[in-house]
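Residue numbers begin at 1 in each chain, while the letters A, B, ... track the order of the sequences.
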There are 2 protein chains.
Amino acid sequence: MDKRFQEFIVEKGLKSTRERREIVDAIMETTGHFDPEELYRRLRDAGSKVSRASVYRTIPLLIESGFIEEVERVDKHAHYERVIGTQHHDHMICTQCGKVIEFYSPTLEMLQDELCCKENFRKVRHHLEILGICAECRGEHA
Amino acid sequence: MDKRFQEFIVEKGLKSTRERREIVDAIMETTGHFDPEELYRRLRDAGSKVSRASVYRTIPLLIESGFIEEVERVDKHAHYERVIGTQHHDHMICTQCGKVIEFYSPTLEMLQDELCCKENFRKVRHHLEILGICAECRGEHA
DNA sequence: CTTCATATTGCAACTCAGTCTCAATTTGAG
DNA sequence: CTCAAATTGAGACTGAGTTGCAATATGAAG
Ligand SMILES: [Mn+2]
Ligand SMILES: [Mn+2]
Ligand SMILES: [Zn+2]
Ligand SMILES: [Zn+2]
């Protein structure tokens with residue numbers, strides 16, 4: 001069970017339950033993006049007894065604690081990814097095959113800070129999604 | 001009725017119906033973001049007989065023709081905005097009051113092009129959302 | 001270790017945006 | 001004008017996400 005989430009639970013006066021621990025652990029073992037249904041199935045398949053309701057109820061806590069973030073909406077359901085223990089990045093998404101390229105640009109980050117400053121806006125987080133076609137889907141070899 | 005959408009309809013071998021014309025016209029009169037339910041209500045209130053189904057069925061056509069784009073997902077429903085006859089821009093959204101600041105930065109656009117080039121990704125469109133707190137919500141005067 | 005107020009759980013019923021089916025109507029090419 | 005093909009409205013349906021509730025688990029206090 002992640003220490004930071006544990007602290008969050010205690011500070012908020014919530015309880016550390018097996019269900020929450022199982023959910024957090026399952027996400028720790030996840031690389032890449034996931035959706036709640038998938039996470040729920042994964043838990044069940046691993047023998048857990050957590051309910052779908054608990055999974056959905058835990059997600060807002062995980063977001064509030066800064067453990068995960070919502071990253072995309074595909075097929076009208078939300079997708080998340082762990083942000084604790086990973087570096088911040090943005091996404092290029094291939095609209096043909098769904099492939100996700102993660103990238104990070106300090107210049108891009110700084111530029112955003114400047115823009116927010118100019119608008120007198122206090123940036124908390126951001127979300128950049130570049131949609132297009134990946135090299136493979138364009139049938140280019142190199 | 002917007003000329004470009006009209007052309008799109010013809011080229012696709014679709015039909016120009018009163019319903020589609022009414023929907024397009026209603027969006028032309030819209031400034032800012034809107035959601036399908038709102039649009040539907042607005043049409044009805046103006047005396048139109050269009051059905052909710054037609055509104056939802058027309059939206060994908062409007063997107064495909066480049067007339068509107070999906071801009072945000074709030075309260076788990078989609079929001080759109082007209083992009084024909086407006087300049088491309090991105091958004092800063094206040095998580096406290098919901099205010100939307102629209103901004104445009106050529107530098108930001110170019111930087112994205114460079115990053116895509118580096119990843120060998122063909123950018124088609126993008127979507128940058130900066131979440132944070134606006135000046136008013138921070139209780140600052142100036 | 002026991003007690004007990006409070007938080008949490010599973011389940012199933014529910015909500016609501018969005019989709020689909022189908023019979024009736026409209027469109028526009030010929 | 002005719003007629004195949006497209007579109008429409010109504011309402012049933014879907015599926016992600018939420019919620020009420022009774023049963024259960026947690027953990028602070030004693
Ligand atoms: Mn990612
Ligand atoms: Mn806008
Ligand atoms: Zn691809
Ligand atoms: Zn605000």
Counting heavy atoms not belonging to A/R44, are there more than 12 under 6.0 Å from its CZ?
yes
Shortest non-hydrogen separation from A/K123 to A/E109 and the atoms involved
NZ-O, 3.7 Å
Check every nucleotide of DNA chain D for an atom under 4.0 Å from a heavy-atom of chain A, then give the first and the last such nucleotide from 5' to 3'.
D/dA16 to D/dG27
Backbone N/O of B/I27 and side chain of B/R42: donor-acceptor pair under 3.5 Å:
no
Taking for each residue the nucleotide of DNA chain D with the nearest heavy atom, is it B/E19 or A/R18 whose nucleotide lies nearer the 5' end?
B/E19
Of the non-hydrogen atoms in A/S65 and A/F5, which two are nearest, and what is the gap between them?
OG-CD1, 3.3 Å
Considering all heavy atoms, the nearest A/P36-A/V55 contact
O-CG1, 3.9 Å
Positional range of nucleotides in DNA chain C within the contact set of chain A, heavy-atom, under 4.0 Å
C/dT6 to C/dT19
Shortest non-hydrogen contact from B/L39 to B/A26?
CD1-CB, 3.8 Å
A/E22 side chain to A/S48 side chain, donor-acceptor N/O pair below 3.5 angstrom
yes
Return the angle between end axes of the helix from C/dC1-D/dG30 to C/dG30-D/dC1, with five pairs used per end and rounding to 10°.
30°
Ionic contact status for A/R52 with A/E37, cut-off 4.0 Å
yes
What pair of heavy atoms forms the shortest contact from B/Q87 to B/H89, and how long is it?
O-ND1, 2.9 Å
Provide the full list of ring pair (Phe, Tyr, Trp, His ring centres under 6.0 Å) pairs with a residue in residues 93-121 of chain B, sequence neighbours left out, each pair given once.
none
Contact list for DNA chain D against residues 7-15 of chain B - heavy-atom distance below 4.0 Å
B/L14, B/K15
Regarding B/E136 and B/K99, does a basic nitrogen lie under 4.0 Å from an acidic carboxylate oxygen?
yes
Check whether A/V74 and B/V71 end up in the same hydrophobic cluster, where Ile, Leu, Val, Met, Phe, Trp and Tyr are linked by side-chain heavy atoms less than 4.5 Å apart.
no
Keeping A/R138 on the side-chain end and A/I133 on the backbone end, is there a donor-acceptor pair under 3.5 Å?
yes
Give a yes or no answer on whether the side chain of A/R20 reaches the backbone of A/K15 with a donor-acceptor pair at less than 3.5 Å.
yes
Under 4.0 Å, heavy atom to any atom of DNA chain D: which of residues 38-58 of chain A qualify?
A/A53, A/Y56, A/R57
Closest contact, heavy atoms only, A/R82 versus A/M28:
NH2-O, 3.2 Å
